[in-house]
Amino acid sequence: DIPSHLDDLPPTMLKKDYANLPVMSSVDDVVKRLLSLEMASQKEKMKVKTQQLVEKVRRSPNDNGSFEVQGKLKKGKVAVLTARIRTLEEHLQRHPKDKGNRRILLMTLDRRRKMLGYLRRVNFGTFENTCRQLDIQYSPPQTYTRRVTKRWLVKKALCIKVFQEKQKLKAAERLKQRRRWQARARAARE
């Protein structure tokens, strides 16, 4: 019943815990399939994806702390967020009406874009290498431009006028306060 292509699964297809066991060569095909990533939980698949992407951008074998590598899923750095984004994209292809995960995907994309923008400003060479290794197309955020209308100009002028009047009132109040302090200081000296 089991397809013949499953009898010689490469060890990379097996879950990480079982890939290097010597017993795996003599195990039945059904057991191999059960221990493969095909039958793994979403969490296990996510771990494998994250590990693969982290390995691509790692500066050295012991590098766990660089900006493009490190991070837990909540804070996340570029490689971890990329793995999360790709998992969510696959999920949304299967379930296009899942609005909650679409929102999470958009927020994660935005967080990764912000981090890439920071990396681009700080270290452009690392930024380019990270984008190339992770196969990311970075597009900087568009600058926000407000359409100038007559109503907006009038409102802005009013706001500026109110702000200036408020500053005048505050200046008068500060002057009174300063004079009170000076009077107290003179009284204390005498």
Problem - side-chain contact (heavy atoms from CB on, under 4.5 Å) assessment of R121 paired with Y118 - result: CA-CA 5 Å; R121 283 190 314 272; Y118 170 77; 3.6 Å; yes
Handout entry: Main-chain N/O of M115 paired with R120 side-chain donor or acceptor, under 3.5 Å
Key =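 A pair under 3.5 Å: no.
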Exercise for the section: Please test I104 against T108 for side-chain contact (heavy atoms from CB on, under 4.5 Å), starting from the C-alpha separation and ending with a verdict. Expected result: CA-CA 6 Å; I104 291 170; T108 310; 3.9 Å; yes
Completion exercise
Correct closest heavy-atom pair for C131 and Y138 would be SG-CB, 4.2 Å
Exercise for the section: Search all heavy atoms of L134 against all heavy atoms of A79 and return the closest pair with its distance. Expected result: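 In this case the closest contact between L134 and A79 is CD1-CA, 4.0 Å.
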Practice task
Say whether Q177 and R180, considering side chains only, have a donor N or O and an acceptor N or O under 3.5 Å apart.
Solution key: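 Yes, side-chain donor-acceptor contact under 3.5 Å.
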Exercise for the section: Quick one: list whatever passes salt bridge (charged side-chain N to carboxylate O under 4.0 Å, His left out) with D110, sequence neighbours left out. Expected result: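 Partners of D110 by the salt bridge (charged side-chain N to carboxylate O under 4.0 Å, His left out) criterion, ordered by chain and then number, come out as R113, K114.
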Exercise for the section: Taking salt bridge (charged side-chain N to carboxylate O under 4.0 Å, His left out) as the test, write out the residues that go with K168, two or more places apart. Expected result: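 For K168 the salt bridge (charged side-chain N to carboxylate O under 4.0 Å, His left out) partners, ignoring immediate neighbours, are E165.
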Problem - Trace of the side-chain hydrogen bond (donor to acceptor under 3.5 Å, both in side chains) decision for H91 with D98 - result: CA-CA 9 Å; H91 173 78; D98 188 350; 2.7 Å; yes
Out of curiosity, [X] [atom1] to [Y] [atom2], how far, rounded to the nearest 0.5 Å?
X    : Y    : atom1 : atom2 : value
R111 : R84  : CZ    : CZ    : 9.0 Å
R112 : T82  : CZ    : OG1   : 4.0 Å
L153 : K150 : CG    : NZ    : 9.5 Å

Practice task
Measure the shortest side-chain to side-chain distance between D135 and R86 over non-hydrogen atoms and say whether it is less than 4.5 angstrom.
Solution key: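 Of all side-chain heavy-atom pairs linking R86 with D135, at least one is under 4.5 Å.
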Problem - More than 12 heavy atoms from other groups under 6.0 Å of CZ on F163 - result: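 At most 12 heavy atoms, drawn from other residues, nucleotides or ligands, come within 6.0 Å of this atom.
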Handout entry: Partners meeting side-chain hydrogen bond (donor to acceptor under 3.5 Å, both in side chains) with E90 (sequence neighbours left out)
Key =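 E90 satisfies side-chain hydrogen bond (donor to acceptor under 3.5 Å, both in side chains) with K49 once adjacent residues are dropped.
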Handout entry: Shared hydrophobic cluster, F127 / I136 (ILVMFWY, side-chain heavy atoms < 4.5 Å)
Key = yes
